Amino acid sequence: MEKVLLKNLGKPDSHRIENYIANGGYRALEAALKLKPDNIVQMVKDSGLRGRGGAGFSTGLKWSFIPKDPTIPKYLCCNADEGEPGTFKDRGIIDNDPHLLVEGMAIASYAIGAANSYIYIRGEFAFGADRLEAAIKEATEKGYLGNNIQGSGFSHNMYVHKGFGAYICGEETALLESIEGYRGQPRKKPPFPALSGLYAKPTVINNVETLACIPAIIEKGPKWFSSMGPEKSPGPKIYCVSGHVKKPGLYELPMGTTVRDLIFNHCGGMLKNRELKAVIPGGVSAPMLTTRDLDTPLDFDSLAAKGSMLGSGAVIVMDESTCMVKMALIINRFFSHESCGKCTPCRDGTPWLTNILKRIEGGQGRQGDVELLESLCTNIFGRTFCPLGDGAVMALRGALKNFRDEFQYHIDHKKCMAS
Amino acid sequence: MLSERAKKEIEAALRKYPNRKSAVMDALRAAQKDKGHIAKDDMDEIASILEMRSVEVNAAAAFYTMYNVDRPVGKYHIQVCRNISCSLLGAEHLIKHMERALSIKTGETTPDKRFTLSTVECLGSCGTAPMMQINDDYHENLTEAKIDELLKKLE
Ligand SMILES: Cc1cc2nc3c(=O)[nH]c(=O)nc-3n(C[C@H](O)[C@H](O)[C@H](O)COP(=O)(O)O)c2cc1C
Ligand code: SF4
Ligand code: FES
C-alpha cells in the first residue's frame, strides 16, 4: 500500500520545508485555495473520514456544523495531547513530518473559515513542540501561512499551545479550558464547541492524524480515500503496536486490518514466540480481546460489535506470561491518577478500585473483592461527567470478563497463576 | 523574581492569544525553566503581569503535574514510565535498578541535588519501550546496561 500519513518517516531531514515541498508538499493547499470552502467540506464528507482521536465522528459533518457567518471569528484546534497509554502515532507525525499537519490544518482552517488555529501539544513533547514552531515559521516565510496565503485572500495564523501534564486535556472541552488559562476540566455539553468553543466562538477540534489525512483527500480525491478499507470506516490508519511483539512500532495500513494480520505478518509475530494471551485494540480505555478475536478487523464498527473500540489505534499485545491483575491495576491506577476531580464517581471511585486491585495483586485480596469491584463498576458507569470514568470501568470490566478466574486465583492463593 | 528571559517568553506568549489569561501555562513553564521549580512569588509576579488573581495562577499550577510547585527537583529529573507498554517490557526492574544505582527511592532527590527519580504515566513512546525522560530528552529501548551508561555520562 502506498503510504500517505507516514510516507516521509525515516527520510533525512523530513521535517524541513524544502524536503516536504520537494516531495509534493503544499500542493494540496494550493489546490484547496482554488476551491470553495463548502466544496472542501463536501469532499471530506464524501471521503468518509472519521475522527482518529477516539470517537470516530465524521470529520466532514463536524466541519459542516460551523456557522457560515463570516463576521463571527472561528477557531481550529488540533488535539496533539496524545496521552492514551499505548499511543504514539501523533508524535510520529509531529516529530518527523510536521508540515503534513500544518498543511492539513491550513486546509481545514480555510474550509471552516478560521483565521486562527492552535495546536494543543502535551507538555512532554518538547522536541515535537519545537519542530512544530519551526515548521510554522518556515511555512509563514514561504507564504503558506500568514497574510493572503498564495494570493488567495485567505489569511491564517497558527500557534502552538503547550500542555503541562494532564491526560484529561485530551478531552476536547478540557482542552479548550486549558487554552483559556484554566484548569483542564471538561465543560458541560451542550453547547457543543461547533457553536461555542474556544473563547465562546465556533470551534472545530480534530486529532493530528485526522488532519494529516486532509492533504491526501484533496490531492487524490474522496473516492480514493473511501475505497480503502471498510465502507463505513474507510481510509488509511496508523496502528501503534507495543508490548510483546517482535517488531513494535507504527504501521500505516488500510483500516480494517485484522489483529492476526497486524501481529503475525506486519509485526513479525510474538516476542520469544510465546503464546498470545490478550490484545487491547485501542488504548487502555478499550476492553481487551483474546485469542478468540484474532480475526476481528481493527475498525470502528467491527470493534464496537465486539464490545470494544478502535479508540486511538493503540494495539497493546500481551503474551501468556502476563498477569492480568497487574495489568488491570496499572490501567486503573492510570485513570485514578488522571481523574480531574470534577465529579464524585470518578474522583472517589477510581482510587477505590485501585486500592482493591492493589491488595489483590499484592496477595492481600479478600473473598468478595471481585464482586466488590463489579459493584463499584456498576456505581461509576454512566454516572460520570465525562467519558474518562466510563473508560476506567470498561477497561476493568473487560479484564474481569475474560480473566475472572485469575483474579479469584490471586485472592485464593495469594499469588499469580501466570507469572 | 522572574528572569529577564522568562519575562521575554511571557511577552511572546501574550502575542499568541486574544486574552492575557491564556498565557498562564507558558508563563509558568518559563518560570520553571529558571530554577527547576516554581515558587510562590513567581506566581504572584505572573499574576500581576497577566492581570490575574494569584489564586487563579496557583490553581493552574497545581492542576498540571509537570509544574513543580514548591517542589525543588535535582539538576537531572529522571522520569521513568510505569505504564502498560513499558511495564510489559520490564519497566519495574529498571525502576528498581535505578533506585539501587542512585541509592534513593522513587520520589526522592540525591543528597547532592543532582538527581531526582520519579515515575510517570505513558509518555507516548510505547513502541520503543521501556523508556524514560531525563529533563526534556527521551531515552528509549532501555536496558540496565544502557541506564548505567547514561548515568555515567551525567555524573
Ligand atoms: C479522557 C479523554 C481523553 C482524550 N484524549 C484525546 C487525545 O489525547 N487526543 C485526541 O485526539 N483525542 C482525545 N480524546 C477525544 C477528543 O475529546 C475528541 O473527540 C477528538 O480530539 C476529536 O477529534 P477527531 O474528531 O479528529 O477524532 C479524548 C477524549 C477523552 C474523553
Ligand atoms: S469522569 Fe473523571 S475526568 Fe471526567 S469530569 Fe469526572 S472526575 Fe473529571
Ligand atoms: S507506556 Fe511507557 S511510553 Fe507509553
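Just so we're on the same page: letters track the sequence lines, and every chain starts at 1. If you're wondering where the values come from, they're calculated on a predicted model, not measured in any experiment. Hydrogens, waters and symmetry mates play no part in the numbers below; they use all other heavy atoms, side chains included.
- Interface summary for chain A: among B:Leu28, B:Leu123, B:Asp26, the most heavy-atom pairs under 4.5 angstrom belong to B:Leu123.
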Should A:Leu262 and A:Val241 be marked as a side-chain contact (heavy atoms from CB on, under 4.5 Å) after you check the CA-CA gap, both sets of side-chain angles, and the distance that decides it?
CA-CA 9 Å; A:Leu262 182 63; A:Val241 191; 3.8 Å; yes

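- In this structure the side chain of B:Lys146 never reaches within 4.5 angstrom of the side chain of B:His139, judged on heavy atoms.
- No side-chain donor from either of A:Thr350 and A:Ser339 sits under 3.5 Å from a side-chain acceptor of the other.
- A:Ser321 does not touch chain B: none of its heavy atoms, backbone or side chain, sits under 4.5 Å away.
- Here the side chains of A:Phe335 and A:Val284 are in contact, with some heavy-atom distance below 4.5 Å.
- With chain B as partner, the option from A:Gly184, A:Cys240, A:Ala314, A:Gly83 having the largest number of non-hydrogen pairs under 4.5 angstrom is A:Gly184.
- Contact count against chain A (heavy-atom pairs under 4.5 Å) is highest for B:Cys126 among B:Cys126, B:Ala13, B:Cys122, B:Ala23.
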Could you go step by step and tell me if A:Tyr75 and A:Tyr199 meet the ring pair (Phe, Tyr, Trp, His ring centres under 6.0 Å) rule?
CA-CA 9 Å; A:Tyr75 291 101; A:Tyr199 308 116; 5.7 Å; yes

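- When the candidates A:Phe164, A:Tyr159, A:Phe88, A:Phe125 are compared by the number of heavy-atom contacts under 4.5 Å with chain B, A:Phe164 comes out ahead.
- Interface check for chain B: of the options A:Gly123, A:Ala126, A:Ala166, A:Gly92, the most heavy-atom pairs under 4.5 Å are formed by A:Gly123.
- B:Thr128 and B:Glu140 share a donor-acceptor pair across their side chains, judged by distance under 3.5 Å alone.
- Of the listed residues (A:Arg333, A:Glu82, A:His337), the one with the most heavy-atom contacts under 4.5 Å to chain B is A:Arg333.
- Heavy-atom pairs under 4.5 Å with chain B were tallied for A:Lys247, A:His244, A:Glu338, A:Lys89; the largest tally goes to A:His244.
- The interface of residues 86-112 of chain B with chain A, defined by heavy-atom distances below 4.5 Å, comprises B:Ser87, B:Leu88, B:Leu89, B:Glu92.
- With a 4.5 Å cut-off on side-chain heavy atoms, B:Leu150 and B:Leu142 count as touching.
- For A:Val160, the part sitting under 4.5 Å from any heavy atom of chain B is the backbone (N, CA, C, O) and nothing else.
- Between A:Leu396 and A:Leu357 the shortest side-chain heavy-atom distance falls below 4.5 Å.
- No side-chain heavy atom of B:Met52 sits under 4.5 Å from any side-chain heavy atom of B:Arg20.
- Proximity to chain B (any heavy atom under 4.5 Å) is restricted, for A:Leu271, to the side chain, taken from C-beta onward.
- Residue with the most contacts toward chain A among B:Ser125, B:Ala129, B:Pro18: B:Pro18 (heavy-atom pairs, distance under 4.5 Å).
- A perpendicular orientation is assigned to the rings of B:Tyr17 and A:His161, their planes being inclined by more than 60° (bins at 30° and 60°).
- Residue contact with chain B, scored on non-hydrogen atoms closer than 4.5 Å, involves the side chain of A:Ile331 exclusively.
- Comment: B:Glu11 does not engage B:Lys7 in a salt bridge, judged by the lack of any side-chain N to carboxylate O separation of less than 4.0 angstrom.
- The part of A:Arg91 that comes within reach of chain B is its side chain, from C-beta onward, which places non-hydrogen atoms under 4.5 angstrom from that chain.
- Salt bridge B:Asp148/B:Lys152: absent, no basic N to carboxylate O contact under 4.0 Å.
- B:Phe63 contributes atom CZ, which lies 9.0 Å from atom CE of B:Met25 (distance to the nearest 0.5 angstrom).
- For a residue to count as touching a neighbouring chain, one of its non-hydrogen atoms must lie under 4.5 Å from one of that chain's; by this rule A:Cys340 touches chain B with backbone and side chain alike.
- Between chain A and the options B:Glu121, B:Arg82, B:Met66, the largest number of non-hydrogen pairs under 4.5 Å is found for B:Met66.
- Residue A:Tyr167 does not touch chain B at all, counting heavy-atom pairs closer than 4.5 Å.
- Under the 4.5 Å side-chain criterion, counting only non-hydrogen atoms from C-beta, A:Lys272 is not in contact with A:Asp319.
- Residue contact with chain B, scored on non-hydrogen atoms closer than 4.5 Å, involves the backbone of A:Thr87 exclusively.
- In this structure A:Glu124 satisfies the salt bridge (Lys or Arg N to Asp or Glu O under 4.0 Å) test together with A:Arg122, sequence neighbours excluded.
- Of the two parts of B:Glu56, neither the backbone nor the side chain holds a non-hydrogen atom closer than 4.5 Å to a non-hydrogen atom of chain A.
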